[in-house]
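Below is one structure; the comments refer to it alone.
Reckoned from all heavy atoms, side chains included, excluding hydrogens, waters and symmetry mates.
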Amino acid sequence: MKKKKEMSFHIFYRIFIFVALSALAVSIIIPVAWVILASIKENSEFYGNPWTMPKGVYFQNFIDAFHKAKMGDYFFHSLLVTSLALIILLMVSLPAAYALARFPFKGRKLLNILFMGGLFINVNYIVVPIFLMFVEGDNFLVRLGGNRFLLNNPLILALVYASTALPFTIYLLSGFFVTIPKDYEEAAYVDGSSYFRTMFKIMLPMATPSIITVILFNFLSFWNEYIISMTLLTKDVKTLPVGLMQLMQAQKAAANYGQLYAGLVIVMLPTLILYIIVQKKLTQGMSLGGLKG
C-alpha cells in the first residue's frame, strides 16, 4: 500500500513538472515566435488580426531599421562595447580567480569576502555617483587644457561594465579552480613550467566550461544593459537597448510596427545564436560553480 502511494505520488510529481515546464516553454516560445513573424509583415497587415501569419517575407523592415532607424550603428556600438568589456573582464578576472583559489597569501580571505560582498551590490544604484565622478573628471581634463574623455566613450563604458561584473566572474571561476586537483600543477612544476605557463597551458584549458559560462552570462548582461549606457553615452554614440527604446517611441507615433519588431529581432537574435552555440558547455559549466573554502 505504501509503495503504491509512493508510486502514485512520483507519477503525479512528474506530470506536474512536465506540465509546469511545458507551460514555461510555451510562454517563452510564443512571444519570441510572434515577434519574429511580426518583423517580416508589411505595415498594413497589423491593422487586421495580429495573430495571422504573414502574407510574405518583407525584409524591407530590417533594411529600414538598419539604415533609417540607425540600428546598424547601434548594433556596431553594442558589439564594440560588449567585446571590449569581455576582453577586459577576462584579462583581469582569470589571473585574479586563479591566484585567489590556488595560492595562500596575506589578505586572501579579506579579498574573497570583498568580492563576495560585491555580488550583493546592484550597479544600477551607483550609476549616479559614477556619472558625477566622470563629469568632474572631464571638467578636470578641460581645466588642464585637454578634451573630455570619460563620458560618451565606448571604452570607458566597457571598463565600467567589466569592473561591475568582476565579483560574479571571480566567484564563479574561483569555485571551479578550487575543484581542480593540485597534481596537475605539481607535475607541471616538476617539468620546469612557470606559474604563468602552468596557468595558461594547463589550468585555463581545463576551465573552458566555466569560462564559456562566464562569457555567456556577461555577454547577455552587457548586451542588454540599458541604464548605465543611457547615462554614460549621452550623444550619438548609443548601444542597441537605448536605440531600441528610441525606435519604439518613434515608431509607435508613426504606427510603423514592422520596423519596431525588426529592431527587436536585431537585439534578440545574437543572444539566441550564442546560446544555441554554447548550450552544452553552459550546462556543464553551471554544474561546476560554487566557491569552496
Side-chain angles (χ1 to χ4, degrees), residues 32 35 39 62 64-93 118-142 147-170 214-253 259-275:
V32 171
V35 169
S39 68
F62 290 92
D64 292 341
F66 253 91
H67 296 288
K68 293 182 180 180
K70 297 184 178 180
M71 295 299 288
D73 294 338
Y74 301 150
F75 183 92
F76 172 75
H77 297 156
S78 282
L79 187 62
L80 175 64
V81 170
T82 302
S83 301
L84 287 174
L86 287 174
I87 291 172
I88 296 171
L89 178 64
L90 292 177
M91 289 177 61
V92 175
S93 62
L119 293 172
F120 300 95
I121 298 176
N122 190 329
V123 67
N124 294 327
Y125 299 152
I126 58 174
V127 171
V128 174
I130 292 174
F131 174 76
L132 294 176
M133 289 170 57
F134 287 171
V135 169
E136 290 297 325
D138 277 344
N139 292 337
F140 178 73
L141 292 176
V142 171
N147 297 321
R148 297 183 182 274
F149 178 76
L150 299 176
L151 292 177
N152 299 303
N153 189 336
L155 175 60
I156 298 300
L157 178 61
L159 188 62
V160 172
Y161 282 170
S163 60
T164 55
L166 276 176
F168 167 76
T169 305
I170 291 177
V214 163
I215 291 174
L216 181 60
F217 271 98
N218 286 302
F219 176 87
L220 294 175
S221 176
F222 301 157
W223 187 264
N224 296 317
E225 201 283 322
Y226 174 76
I227 295 178
I228 301 176
S229 176
M230 180 187 65
T231 306
L232 301 185
L233 300 180
T234 58
K235 293 185 178 179
D236 293 335
V237 180
K238 293 181 174 63
T239 56
L240 266 178
V242 179
L244 180 61
M245 288 299 297
Q246 293 183 347
L247 177 64
M248 290 176 66
Q249 294 172 0
Q251 299 309 329
K252 281 182 179 179
Q259 282 188 36
L260 174 59
Y261 287 112
L264 289 170
V265 172
I266 291 171
V267 176
M268 180 175 57
L269 201 57
T271 57
L272 292 177
I273 294 174
L274 181 63
Y275 176 76

Those residues that, when tested against Phe75, pass ring-ring contact (aromatic ring centres under 6.0 Å, His included) (two or more places apart) |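 With sequence neighbours excluded, Phe75 shows a ring-ring contact (aromatic ring centres under 6.0 Å, His included) to Trp223, given in chain and number order.
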
With sequence neighbours left out, write down each residue that passes ring-ring contact (aromatic ring centres under 6.0 Å, His included) with Tyr74, or none if nothing qualifies.
->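 So Tyr74 forms no ring-ring contact (aromatic ring centres under 6.0 Å, His included) with any residue.
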
Look at the side chain of [X] and the backbone N and O of [Y], then say whether any donor-acceptor pair between them is shorter than 3.5 Å.
{"X": "His77", "Y": "Lys238", "answer": "yes"}
{"X": "Asp138", "Y": "Leu150", "answer": "yes"}
{"X": "Glu225", "Y": "Ser229", "answer": "yes"}
{"X": "Thr169", "Y": "Ala165", "answer": "yes"}

Taking all heavy atoms of [X] and all of [Y], pick out the closest pair and write down the distance.
{"X": "Leu274", "Y": "Phe219", "answer": "CD2-CD2, 3.3 Å"}
{"X": "Leu166", "Y": "Ser93", "answer": "CD2-CB, 3.9 Å"}
{"X": "Ser163", "Y": "Pro167", "answer": "O-CD, 3.9 Å"}

So how far is it from [X] [atom1] to [Y] [atom2], rounded to the nearest 0.5 Å?
{"X": "Ile215", "Y": "Leu89", "atom1": "CD1", "atom2": "CG", "value": "9.0 Å"}
{"X": "Phe66", "Y": "Gln259", "atom1": "CZ", "atom2": "CD", "value": "12.5 Å"}
{"X": "Ile121", "Y": "Tyr125", "atom1": "CD1", "atom2": "OH", "value": "12.0 Å"}
{"X": "Leu216", "Y": "Ser221", "atom1": "CG", "atom2": "OG", "value": "11.0 Å"}
{"X": "Ile156", "Y": "Ile130", "atom1": "CD1", "atom2": "CD1", "value": "12.0 Å"}
{"X": "Ile228", "Y": "Thr164", "atom1": "CD1", "atom2": "OG1", "value": "5.0 Å"}

Evaluate whether atom CZ of Phe140 has more than 12 neighbouring non-hydrogen atoms of other residues, nucleotides or ligands under 6.0 angstrom away.
-> no

State, with a plain yes or no, whether a side-chain heavy atom of [X] is found less than 4.5 Å away from one of [Y].
{"X": "Val267", "Y": "Met71", "result": "yes"}
{"X": "Ser78", "Y": "Pro270", "result": "no"}
{"X": "Leu157", "Y": "Thr239", "result": "yes"}
{"X": "Leu232", "Y": "Asn153", "result": "no"}
{"X": "Asn147", "Y": "Leu141", "result": "no"}
{"X": "Asn218", "Y": "Tyr161", "result": "no"}
{"X": "Phe222", "Y": "Val81", "result": "no"}
{"X": "Tyr261", "Y": "Leu264", "result": "yes"}

Between the side chains of Thr271 and Asn224, is a donor N or O closer than 3.5 angstrom to an acceptor N or O?
-> no

